[in-house]
Each structure stands twice: as C-alpha cells, then as structure tokens.
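One structure is given here, and the rest of the page talks about it.
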Amino acid sequence: MLFSTMNKSNRFRLSSFKIFDLMFNQRNIHKLTCRFAVVLLLTCHCLADDGYEMDDFLKREYSLTKPYQGLGSSSSSYWDLMGNAMITTEHVRLTPDLQSRQGAVWSRVPCFLRDWELQVHFKIHGHGKKNLNGDGMALWYTKERMQIGPVFGNMNLFTGLGVFVDTYPNENKNHEKKYNPSTQRVFPYVSGMVGNGTLAYEHDRDGQSTELGGCTALVRNIPHDTFLLIRYTKNRLTIQIDVDGKQEWRDCLDLPGVRLPQGYFFGASSVTGDLSDNHDLISMKLYQLTVERTQEEEEEEELIPSVDNFEHLNKVEVQEEGMSGVQLFFTIVFSVIGIFVLGVVAVVMYGRWKENSRKRFY
C-alpha cells in the first residue's frame with residue numbers, strides 16, 4: 001500500500017537502493033569467499049610440508065600431549081611412566097636436576113604406520129655452570145620398551161631407531177670447552193642410530209662409531225621453545241631441529257636406505273650422572289604421511305632394522321655357542337679314549353716292527 005502511493009521519483013530511489021544493497025551484499029559474500037579460500041589454501045600448505053600430506057590429522061594413540069590425563073596410571077592411557085619421571089601440568093619431567101636419575105615414557109600401542117612424522121617439543125635446563133651439565137635425552141622407535149639401561153636411560157643393544165640429544169661430550173673430558181677435535185663436533189649434539197639387537201652404543205665415545213649423522217643444537221637454558229622433528233617415509237630418515245626461536249626447521253640428518261619394521265614402540269628417556277639437568281618433555285605428536293607407492297614398494301616388508309651401505313649395522317656377528325657341561329665331558333672322554341687307542345696301536349706296530357727286524361737278523 002505504501003509502495004503504491006509513492007511517486008515515480010521515490011519508487012526509483014527505493015529500487016536503486018535495493019539494487020545497491022544487493023550488489024554490496026554480493027560483494028561482501030565474494031570477499032568472504034575469497035578470504036575463506038585463501039585460509040583454506042594456507043592450511044593445506046601447512047599440512048603438506050615438503051610435499052607430504054597429513055592424513056587424519058593427529059594420531060592420538062601414538063601422541064603425548066597436555067594435560068597428560070591418566071598417564072602411567074589409568075588403564076585407558078596410551079603411555080607408561082618409568083623410573084624418576086614425573087608429571088606436572090606443563091610437562092613430563094623425565095629427570096630432575098639431580099645426580100644419578102633416570103626416567104622414561106613409553107607408548108603402550110605398537111605403531112603400524114609405514115610413513116610417519118614425529119614432532120617433539122622439549123626443554124633442557126638446569127642450575128649447573130656452563131659445560132657442567134648432563135647427560136641428555138633420547139627419542140626411540142624400538143622393538144623393546146620399558147627397559148632400563150646405560151643409553152640415556154634405555155637398554156643397550158636395542159632394536160630400532162634412537163635419536164639422541166647429547167649435552168655432554170664423554171670422549172672429551174676437558175670441561176672448559178665442549179669441542180671434540182677428533183670429530184669436529186660441538187655439543188650439545190643431535191645424532192641418530194639404527195640398531196639391530198647386536199650393535200652396541202659406545203657411551204664413552206658418544207656413539208661415534210654407530211652414528212648415522214647429526215648436527216650441533218644449542219638447546220640448553222634457551223629462553224624460547226625447542227623442537228625436534230623425525231620423519232620416516234619410503235625408507236628415508238630425516239631429522240630436523242627448530243632451536244633458534246625462528247619457527248623454522250633446520251636440517252640435521254637426511255639419509256635414504258633406512259629400513260625400519262612396523263609394530264615398534266615410541267618412547268623418550270633421559271639420564272643424569274655426576275652432572276645433571278632438568279629434561280622436560282612437553283609433547284610428542286605423531287602424524288601419518290600419505291605418499292604414493294608402487295606395487296613392489298607396497299609388498300615390501302622389513303623384518304630387521306638396517307641401513308643400506310652401513311657396514312657396522314649390516315655386518316651381523318654370529319657367535320658360536322659355548323659347550324654345555326655334558327658336551328664338554330663327552331668331548332674329554334672321547335679324546336682320552338682316542339689317545340689311548342692311538343697309543344695301543346703305536347705299541348703293537350712297534351712290537352711287530354721289532355719282531356720282523358729280529359727275524360731278518362737271524
């Protein structure tokens with residue numbers, strides 16, 4: 001009724017206003033659509049770092065994050081606590097800044113992902129003077145779990161992958177500087193090792209003989225967050241660090257030909273000796289990577305950890321088993337009997353030879 005009573009001029013103005021309002025709304029919708037597309041593109045780019053796509057987001061059954069509910073106590077928890085490790089609201093402290101402590105966390109669920117990426121948020125700090133701190137922490141993907149030992153709180157002769165954040169040079173006992181001239185390494189030092197159950201980590205040499213590679217990482221008493229990334233895809237092992245506060249990954253190790261079986265356990269451990277530090281684990285986040293594989297690659301199955309062209313690992317020493325008590329007894333008995341028989345034969349032969357000699361003489 002109101003619209004019908006308007007004159008032509010007012011009608012034209014009202015129609016123009018509606019058209020302008022419609023165009024303005026369409027323009028806003030277009031802007032919002034463009035912004036959403038940009039955000040979606042950036043999100044996809046972040047989730048597809050270096051060409052690897054994160055599938056199904058975070059794999060919570062293999063990840064350790066705040067608030068650590070039920071860790072080590074609840075039957076519903078995916079993780080176990082061991083040794084001197086303790087839980088706080090902000091982190092899992094593997095070892096406190098006290099001498100002769102060791103602690104660890106271990107996943108209860110074996111990992112059957114073929115391609116994965118583990119992002120670790122950690123912090124190492126303490127009251128010790130410069131260069132008087134130790135010993136460091138380790139991250140694990142191994143067949144064994146919950147085993148106390150000398151390798152950063154875990155067992156030696158392990159089967160699988162170990163990544164070490166070593167803060168004290170055992171080979172170089174000079175506390176005044178953490179520089180090892182024999183290997184050109186500066187501590188703290190991050191390195192990787194693959195064990196097959198027979199290969200020993202040499203603690204006194206900081207694992208030099210079995211090291212796959214590594215890099216210096218100044219991670220102690222740092223005011224900003226420190227991160228470590230382990231990526232395993234298509235038999236390629238990559239380790240990167242973010243310890244400079246720049247939120248950028250820096251290459252530490254990149255090695256093809258690394259063969260790790262499925263069904264192993266993730267873990268983290270730490271140890272202190274005469275020197276100590278706080279070793280805090282804030283989070284371990286595991287992502288599944290989606291990569292294209294050939295039919296032959298899909299059918300491959302690794303049974304024993306190995307590294308192509310790595311002499312120490314691929315050379316498996318086979319040790320002969322020692323004799324049991326029964327075997328040793330019969331060996332001695334038969335040896336004595338054999339010696340006795342040979343002696344009798346020798347006496348008989350000598351007697352016959354002597355008798356024949358007499359006959360020829362007569």
Side-chain angles (χ1 to χ4, degrees), residues 94 104 117-120 122-124 131 133-142 149-173 178-196 199-220 222 226-232 235-244 249-260 264 266-273 275 277 279 281 284 305-314:
L94 299 175
E117 179 176 293
L118 180 67
Q119 297 182 14
V120 183
F122 67 99
K123 186 176 183 65
I124 299 177
N131 300 339
N133 57 277
D135 283 338
M137 62 182 293
L139 304 166
W140 304 98
Y141 174 69
T142 56
V151 186
F152 298 92
N154 189 32
M155 64 176 288
N156 209 339
L157 302 178
F158 59 87
T159 308
L161 172 67
V163 175
F164 313 123
V165 183
D166 194 349
T167 59
Y168 179 75
N170 292 284
E171 189 177 33
N172 182 14
K173 298 300 182 181
K178 291 191 171 185
Y179 175 68
N180 195 329
S182 63
T183 57
Q184 306 296 313
R185 297 196 301 178
V186 178
F187 285 74
Y189 189 80
V190 175
S191 64
M193 171 184 169
V194 171
N196 58 8
L199 195 65
Y201 175 87
E202 295 180 313
H203 182 267
D204 292 338
R205 297 191 59 203
D206 302 311
Q208 293 180 44
S209 61
T210 54
E211 176 191 331
L212 299 178
C215 64
T216 296
L218 303 180
V219 297
R220 185 176 183 267
I222 299 298
T226 50
F227 300 88
L228 188 147
L229 178 148
I230 306 171
R231 180 186 296 133
Y232 179 69
N235 299 333
R236 191 179 196 96
L237 176 66
T238 302
I239 298 176
Q240 296 178 322
I241 57 175
D242 176 9
V243 298
D244 302 319
W249 293 114
R250 175 161 58 90
D251 291 338
C252 183
L253 183 152
D254 187 23
L255 186 66
V258 178
R259 306 181 187 279
L260 299 174
Y264 285 7
F266 288 103
S269 66
S270 177
V271 67
T272 64
L275 304 176
D277 255 339
H279 299 90
L281 182 65
M284 294 176 65
S306 64
V307 179
D308 294 349
N309 303 318
F310 188 65
E311 180 181 356
H312 292 284
L313 184 63
N314 298 330

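Because the structure is a prediction, the values reported are computed rather than measured. Nothing fancy with the numbering, it's 1 onward along the sequence.
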Would you indicate whether the side-chain heavy atoms of [Y] and [X] approach each other to under 4.5 Å?
{"X": "L218", "Y": "V243", "answer": "no"}
{"X": "L161", "Y": "I230", "answer": "yes"}
{"X": "L229", "Y": "E117", "answer": "yes"}
{"X": "L228", "Y": "V165", "answer": "yes"}
{"X": "W249", "Y": "F227", "answer": "yes"}

Residue pair [X] / [Y]: nearest heavy atoms and the distance that separates them:
{"X": "E211", "Y": "F310", "value": "O-CE1, 4.1 Å"}
{"X": "A138", "Y": "F152", "value": "CB-CB, 3.8 Å"}
{"X": "Y201", "Y": "N156", "value": "N-OD1, 2.9 Å"}
{"X": "L275", "Y": "Y168", "value": "CD1-CE1, 3.6 Å"}
{"X": "H279", "Y": "D277", "value": "ND1-O, 3.2 Å"}
{"X": "P305", "Y": "N196", "value": "O-CB, 3.8 Å"}

**Report entry** Pair Y141 and Y232, ring centroids less than 6.0 Å apart
**Finding:**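 Y141 vs Y232: aromatic centres not under 6.0 Å.
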Query raised in the report: Would D254 and R236 satisfy side-chain contact (heavy atoms from CB on, under 4.5 Å), going step by step from the backbone distance to the final call?
Result: CA-CA 7 Å; D254 187 23; R236 191 179 196 96; 2.9 Å; yes
Requested in this report: Please report the C-alpha distance between M137 and T167 in whole Å, then the side-chain angles of each, then the deciding distance to 0.1 Å, and finally whether the side-chain contact (heavy atoms from CB on, under 4.5 Å) criterion is met.
Outcome: CA-CA 8 Å; M137 62 182 293; T167 59; over 6 Å; no
Report task. State which residue, out of I241, D251, V186, L253, fulfils the side chain to side chain contact (heavy atoms under 4.5 Å, CB included) condition with C215. Result ->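 Between C215 and the candidates, side chain to side chain contact (heavy atoms under 4.5 Å, CB included) is satisfied uniquely by I241.
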Look only at the side chain of [X] and the backbone of [Y], and say whether a donor-acceptor pair between them is shorter than 3.5 Å.
{"X": "T226", "Y": "F122", "result": "yes"}
{"X": "D206", "Y": "N170", "result": "yes"}
{"X": "T216", "Y": "Y189", "result": "no"}
{"X": "S191", "Y": "G214", "result": "no"}

**Report entry** Sequence-distant partners of T142, side-chain hydrogen bond (donor to acceptor under 3.5 Å, both in side chains), two or more places apart
**Finding:**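 For T142 there are no side-chain hydrogen bond (donor to acceptor under 3.5 Å, both in side chains) partners, ignoring immediate neighbours.
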Query raised in the report: If you measure from CG on N235 to CG on D308, what distance do you get to the nearest 0.5 Å?
Result: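 N235 CG to D308 CG: 7.5 Å, rounded to 0.5 Å.
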Requested in this report: Can you measure from CG (L281) to CG (L139) and round to the nearest 0.5 angstrom?
Outcome: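 Interatomic distance, L281 CG to L139 CG, rounded to 0.5 Å: 7.5 Å.
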